[in-house]
Asks: 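Dropping the structure in here first, questions after.
To find a chain, count down the sequence lines: A is the first, B the second, and so on, and within it residues start at 1.
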Amino acid sequence: MPTSDAAQQLYTALAQIPEGCVITYGQLARLAGRPGAARWAGSLVRKLPKDSQLPWHRVVNASGCISLPPDAGGREQKQRLLNEGVQFTGERIKLSQHQW
DNA sequence: ACTCTGACCCGGC
DNA sequence: GGCCGGGCCAGAG
C-alpha cells in the first residue's frame, strides 16, 4: 500500500496490545517500521476516532505519562487504563506495565 | 515548493 | 531528576 502501509502496521500492532499493558509512541513507531517517527505515530493516534476499537488509550509517551491534556480526553484515557488494571503512581505509569 | 506545527524520542550537559 | 538542541514523519497554511 499506498502511503499508509506502515500506518496499517501501526494500527495492527496497537490492536495486538493486550489489556493492562501500555506502549510508548516510539516503540509503536518502531513496530510500524518507522523508528524515530514517534511524532508520526502520535498524529495517527490523535486522528483516531473515539469509537475505534483500537486501544489508543494504551499509548503513552516515553516518560510513562499521558501526553494528552486532561481537558482533551486525557482524563478518559487514565480512567480507561485504571479500569483495565493499569496501576498509576501519581501521573506516571508503573514500570511493570511499561512493556508488554 | 516552503514553512510551521504536533497526543514524540534521545543524547548531552 | 531537569533543560536544550537535533532528528524523525505527515498534514495544513
Asks: Applying the Watson-Crick and G-U wobble criteria at under 3.5 Å, what pairs with C/dA10? Answer none if nothing qualifies.
Replies: B/dT5
Asks: Both conditions, 6.0 Å and 45 degrees, for the charged tip of A/Lys94 above the ring of A/Phe88: are they met here?
Replies: no
Asks: Hey, mind stepping through A/Tyr11 and A/Gln16 against side-chain contact (heavy atoms from CB on, under 4.5 Å) and telling me if it holds?
Replies: CA-CA 9 Å; A/Tyr11 291 131; A/Gln16 300 299 307; over 6 Å; no
Asks: Pick the nucleotide of DNA chain C nearest each of A/Ser43 and A/Arg92; which residue has the one closer to the 5' end?
Replies: A/Arg92
Asks: Using a heavy-atom cut-off of under 4.0 Å over every strand shown, decide if A/Arg75 touches base, sugar-phosphate, or nothing.
Replies: nothing
Asks: Between C/dG11 atom C1' and A/Arg46 atom CZ, what is the distance in whole Å?
Replies: 9 Å
Asks: Of the nucleotides B/dC9, C/dC9, B/dG6, which one has an atom closest to the side chain of A/Arg34?
Replies: C/dC9
Asks: For A/Leu48 and C/dA10, what is the distance between atoms CG and C1' respectively, to the nearest whole Å?
Replies: 16 Å
Asks: Once you round it to whole Å, what is the distance between C1' of B/dC8 and CH2 of A/Trp40?
Replies: 13 Å
Asks: From NZ of A/Lys47 over to C1' of C/dA10, roughly how many Å is that when rounded to an integer?
Replies: 10 Å
Asks: A/Asn61 side chain: which of B/dC8, B/dA7, C/dC9 is closest?
Replies: B/dC8
Asks: Within the side chain of A/Asp5, is there an N or O that forms a donor-acceptor pair under 3.5 Å with the backbone of A/Gln8?
Replies: no
Asks: Can you tell me if the side-chain N/O atoms of A/Ser67 get under 4.0 Å from OP1 or OP2 in B/dC8?
Replies: yes
Asks: Under 4.0 Å between a side-chain N/O of A/Arg30 and OP1 or OP2 of C/dC8, yes or no?
Replies: no
Asks: Below 4.0 angstrom, N of the basic side chain to O of the carboxylate: do A/Lys50 and A/Glu76 qualify?
Replies: no
Asks: Work out how far the C1' atom of B/dT5 is from that of C/dC8, and round it to whole angstrom.
Replies: 14 Å
Asks: Calculate the interatomic distance between A/Leu44 atom CG and B/dC8 atom P; express it in whole Å.
Replies: 13 Å
Asks: With the side chain of A/Arg39 defined as its heavy atoms from C-beta on, choose the nearest nucleotide among C/dC8, C/dA10, B/dC9.
Replies: C/dC8
Asks: Rounded to whole Å, please give me the gap between CD in A/Gln27 and P in B/dC10.
Replies: 8 Å
Asks: Round to a whole Å and report the spacing from CH2 of A/Trp56 to P of B/dC8.
Replies: 14 Å
Asks: What is the distance from atom OG1 of A/Thr12 to atom CD1 of A/Ile17, rounded to the nearest 0.5 Å?
Replies: 11.5 Å
Asks: What nucleotide, of C/dG1, C/dA10, B/dA7, holds the atom closest to the side chain of A/Val45?
Replies: B/dA7
Asks: Can you measure A/Tyr25 atom OH to C/dC9 atom C1' for me and round it to whole angstrom units?
Replies: 15 Å
